[in-house]
Structures are given as structure tokens and as C-alpha cells.
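Nothing fancy with the numbering, it's 1 onward along the sequence.
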Amino acid sequence: MTVPAQTVPMVEAIAVSKSFGANEVLKSISLTVQRGQVMCVIGPSGSGKSTFLRCINHLERIDAGRLFVDGELIGYRQRGDRLYELKPTEASRQRRDIGMVFQHFNLFAHMTALQNVMEAPMRVKGVSKKDAEARGRDLLARVGLAQQAGHYPAQLSGGQQQRVAIARALAMDPKLMLFDEPTSALDPELVGEVLDVMRELATSGMTMVVVTHEMGFAREVGDQVVFMDGGVVVESGDPHEVLTNPQHQRTKTFLSKVL
């Protein structure tokens with residue numbers, strides 16, 4: 001019997017573990033993100049948040065467990081009880097459907113904002129230059145940068161560069177967006193313009209996993225908040241409940257320092 005697509009979680013992590021040498025960074029993480037939901041992941045530096053995000057699109061290999069995006073096993077093929085890592089070309093195919101926005105913008109310095117947005121659809125999907133340009137201009141307008149299409153990254157503020165990075169990720173028409181502390185490298189007065197774009201994305205129904213220090217955003221936009229520390233999920237649930245009435249002492253201690 002075929003399971004209806006809308007009942008399959010967009011992200012499902014089952015007992016995911018990851019180590020760097022002797023350092024166990026993720027310890028049997030199990031989480032589910034339904035399609036259309038926004039999950040905000042909070043916690044101190046070194047808690048495993050960014051590593052977990054990078055495992056979702058197989059930028060980091062997992063050592064144990066399973067990760068599924070839209071019902072598809074990520075990074076591996078299973079035969080019997082054994083997992084076999086996908087070839088790089090197969091892993092890249094899976095990544096096409098997963099947009100990622102990093103802390104640092106990683107724009108091509110020699111390309112304009114528009115060219116940065118056009119590049120991946122043309123190179124990876126074979127989209128024509130004409131169609132990629134039209135789509136790129138639409139996306140730059142969506143993130144409030146229609147007038148900056150011809151500007152190079154060096155001519156843009158940090159907030160503008162991050163909005164170009166979001167438009168670039170959206171140009172691949174992803175089913176899932178991952179944000180790794182997208183505002184932490186920005187001057188405080190530029191944070192709001194990036195969060196506004198992310199709010200609009202959430203309102204449009206985009207499934208998002210957001211590693212963030214912006215507690216107001218997590219409370220306002222998140223469907224669930226996950227607090228990680230020491231490579232484990234300490235507490236998760238409704239944002240209002242977790243942020244205003246945490247049940248775990250470690251969560252209370254963390255929030256007392258950031259709220």
C-alpha cells in the first residue's frame with residue numbers, strides 16, 4: 001500500500017550519531033519535521049546543532065542511525081541490514097532538493113547578485129539563461145533586492161548578501177530549507193531584514209530547519225523548538241512552552257542567559 005505523500009515527514013532522524021575522532025558530537029538524535037513546519041534548533045556553541053543540520057543533506061556522514069528527507073534515505077542505500085554510502089553524484093542529486101543557507105554567505109565575489117542566483121539552476125539543472133534570469137529577478141524581488149541585481153557582493157551589506165544567498169538557495173526550488181545561524185555574522189541592525197525574508201518563507205509554507213540564536217524568531221515563527229546540548233536533544237516542543245516554561249534545568253540555565 002502506498003503511503004500518501006502528505007503523511008510522510010519532510011525530515012525524520014532516527015537515532016542519528018556522529019563522531020569526530022573520539023568526540024561524539026551527536027548521540028542518538030531522533031527528530032521529526034512535518035512538511036510545512038518550521039523547526040528552530042537552539043543551544044550553546046558546540047552542542048551539535050550545526051553538525052546535525054549538515055548531516056541532513058549529507059555534508060557530514062553519519063556514523064549510526066538513519067536520516068530521511070521526504071521519505072528518501074539520505075546519503076546511503078540500504079541492502080538488507082547494511083548501509084552503503086551513495087556515490088558523490090547521487091548524493092549531489094539528493095542535495096538539489098535541499099536548500100542551505102550558511103552563517104557566512106559564500107557568494108561568488110566575481111559574479112553579480114543576479115548571476116549568483118542564476119548559476120546553480122543553469123549549471124546543475126540545465127535551465128536556459130533566459131529562464132534562469134527571469135526566475136532570478138523574481139527571487140531577488142521577493143527578498144527585496146530587485147534594485148541590486150547588478151551589484152557585486154562587495155557592494156552589498158552583510159544583510160543584503162545573506163538575502164542573495166537565500167534567493168540563490170530558492171532558485172533550485174527546494175522542498176526543504178536549512179538555515180545554519182543565518183544572522184549570527186550580521187551587524188545587529190541588519191538582522192531584521194534577513195528574519196523578515198525567513199518569516200515570509202515560513203508563511204508561504206516552506207519546510208525549514210533553523211539553527212538560531214534569535215529566540216524571538218523561534219517563538220514567533222517556529223512550530224517546534226529543539227534545545228540541544230552535549231550532542232543530545234534535552235528538550236523539545238511548542239516554542240511558547242519550551243521558551244517560557246522549560247522543564248529541564250539545563251534548558252532553564254541556557255535560556256536565563258539568552259533571554
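Atom CZ in R95 sits 6.0 Å away from atom CG in N57 (nearest 0.5 Å). Taking CG of L186 as the start and OG of S157 as the end, the distance is 8.0 Å to the nearest 0.5 Å. Interatomic distance, H213 NE2 to I42 CD1, rounded to the nearest 0.5 Å: 10.0 Å. Taken from CG in L140 to CZ in R168, the straight-line distance is 11.5 Å, to the nearest 0.5 Å. Atoms CG and CZ, on L83 and R61 in that order, are 13.5 Å from each other to the nearest 0.5 Å. Going from atom NE2 of H58 over to atom CD1 of I62 covers 8.5 Å, rounded to the nearest 0.5 Å.
Between the side chain of Q147 and the backbone N or O of A149, no donor-acceptor pair lies under 3.5 Å. R219 places no side-chain N or O within donor-acceptor distance of the main-chain N or O of P239, the cut-off being under 3.5 Å. Judged by distance alone, the side chain of E12 and the main-chain N or O of P9 form no donor-acceptor pair under 3.5 Å. In this structure, R35 contributes its side chain and V8 its backbone to a donor-acceptor pair below 3.5 Å. In this structure, the side chain of Q162 does not engage the main chain of G159 through any donor-acceptor pair within 3.5 Å. With Q224 contributing its side chain and T32 its backbone, the two residues share a donor-acceptor pair below 3.5 Å. Of the possible polar contacts, one joining the D238 side chain to the E241 backbone as a donor-acceptor pair under 3.5 Å is found. With K49 contributing its side chain and P44 its backbone, the two residues share a donor-acceptor pair below 3.5 Å. Distance alone, capped at 3.5 Å, places no donor-acceptor pair between the D131 side chain and the V127 backbone.
Between F52 and the choices I29, L178, V233, the side chain to side chain contact (heavy atoms under 4.5 Å, CB included) rule is met once, by I29. A salt bridge (Lys or Arg N to Asp or Glu O under 4.0 Å) with E133 is found for exactly one of R135, K129, R137, K130, namely R137.
When every heavy atom of C40 is checked against every heavy atom of G222, the shortest pair comes out as SG-CA, 4.1 Å. In terms of heavy-atom proximity, A202 sits nearest to V221 at CB-CG1, 3.5 Å. Heavy atoms only, all atoms of each residue included: L67 and A13 are closest at CD2-CB, 3.6 Å. Across all their heavy atoms, F68 and I74 have their closest contact at C-CG1, 4.3 Å. Across every non-hydrogen atom of Q161 and L156, the tightest pair is NE2-O, 3.3 Å.
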Run the salt bridge (charged side-chain N to carboxylate O under 4.0 Å, His left out) test on E200 and R142 for me, step by step, so that the C-alpha distance in whole Å, both residues' side-chain angles and the decisive distance to 0.1 Å come before the verdict. CA-CA 9 Å; E200 188 273 327; R142 183 177 180 181; 2.9 Å; yes
Worked verdict on L53 versus M100 for side-chain contact (heavy atoms from CB on, under 4.5 Å): CA-CA 9 Å; L53 207 66; M100 186 153 184; 4.1 Å; yes
Checking I56 against L176 for the side-chain contact (heavy atoms from CB on, under 4.5 Å) test, could you report, in this order, the C-alpha distance in whole Å, the side-chain angles of both residues, the deciding distance, and whether it holds? CA-CA 10 Å; I56 293 176; L176 168 68; 4.0 Å; yes
I would like to know whether S50 and D180 meet side chain to side chain donor-acceptor pair (under 3.5 Å); could you show each step before the answer? CA-CA 6 Å; S50 293; D180 189 7; 2.6 Å; yes
Apply side chain to side chain donor-acceptor pair (under 3.5 Å) to residues Q148 and R163 and explain how you reach the verdict. CA-CA 11 Å; Q148 285 76 30; R163 285 186 280 154; over 6 Å; no
If you apply the rule side-chain contact (heavy atoms from CB on, under 4.5 Å), what do you find for L170 with V117, and how did you get there? CA-CA 9 Å; L170 292 174; V117 177; over 6 Å; no
I'd like to know whether F227 forms a side-chain contact (heavy atoms from CB on, under 4.5 Å) with S236, so could you lay out the CA-CA distance, the side-chain angles of the two residues, the decisive distance to 0.1 Å, and finally the verdict. CA-CA 6 Å; F227 173 64; S236 66; over 6 Å; no
Trace of the side chain to side chain donor-acceptor pair (under 3.5 Å) decision for Q247 with E235: CA-CA 8 Å; Q247 300 302 300; E235 193 164 342; 5.2 Å; no
For T183 and E214, what are the C-alpha separation, side-chain angles and deciding distance, and is it a side chain to side chain donor-acceptor pair (under 3.5 Å)? CA-CA 8 Å; T183 60; E214 303 293 337; 3.3 Å; yes
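Tracing side-chain contacts under 4.5 Å through hydrophobic residues (I, L, V, M, F, W, Y), one never reaches L243 starting from L31; they form parts of separate clusters. L139 and M122 end up in the same hydrophobic cluster when Ile, Leu, Val, Met, Phe, Trp and Tyr side chains are linked at under 4.5 Å. A single hydrophobic cluster is not seen to contain both V38 and I98; linkage of ILVMFWY side chains at heavy-atom distances under 4.5 Å, directly or through other members, places them apart.
Note on E24 versus K18: no salt bridge recorded, every NZ/NE/NH1/NH2 to OD/OE distance being 4.0 Å or above. Taking a cutoff of 4.0 Å between a charged side-chain nitrogen and a carboxylate oxygen, E72 and K175 do not qualify as a salt bridge.
For the pair H151/T112, no side-chain contact is recorded, criterion being any heavy-atom separation below 4.5 Å from C-beta on. A 4.5 Å side-chain heavy-atom check between T207 and V33 finds at least one atom pair inside the cut-off. For the pair M111 and Y152, the minimum side-chain heavy-atom distance is 4.5 Å or more. Proximity of V69 to Q94: side-chain heavy atoms (C-beta onward) are nowhere separated by under 4.5 Å. Between S19 and D63, some side-chain heavy-atom pair lies under the 4.5 Å cut-off.
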What pairs of donor and acceptor atoms, side-chain ones from residues 101-108 against any protein atom, are under 3.5 angstrom apart with sequence neighbours left out?
unit_1: Q103; atom_1: NE2; unit_2: S184; atom_2: OG; d: 3.1
unit_1: N106; atom_1: ND2; unit_2: H104; atom_2: O; d: 3.4

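Residues Y84 and Y76 keep their aromatic ring centres 6.0 Å or farther apart.
A cation-pi arrangement, defined by a distance under 6.0 Å to the six-membered ring centre and an angle within 45 degrees of its axis, is absent between K257 and F254.
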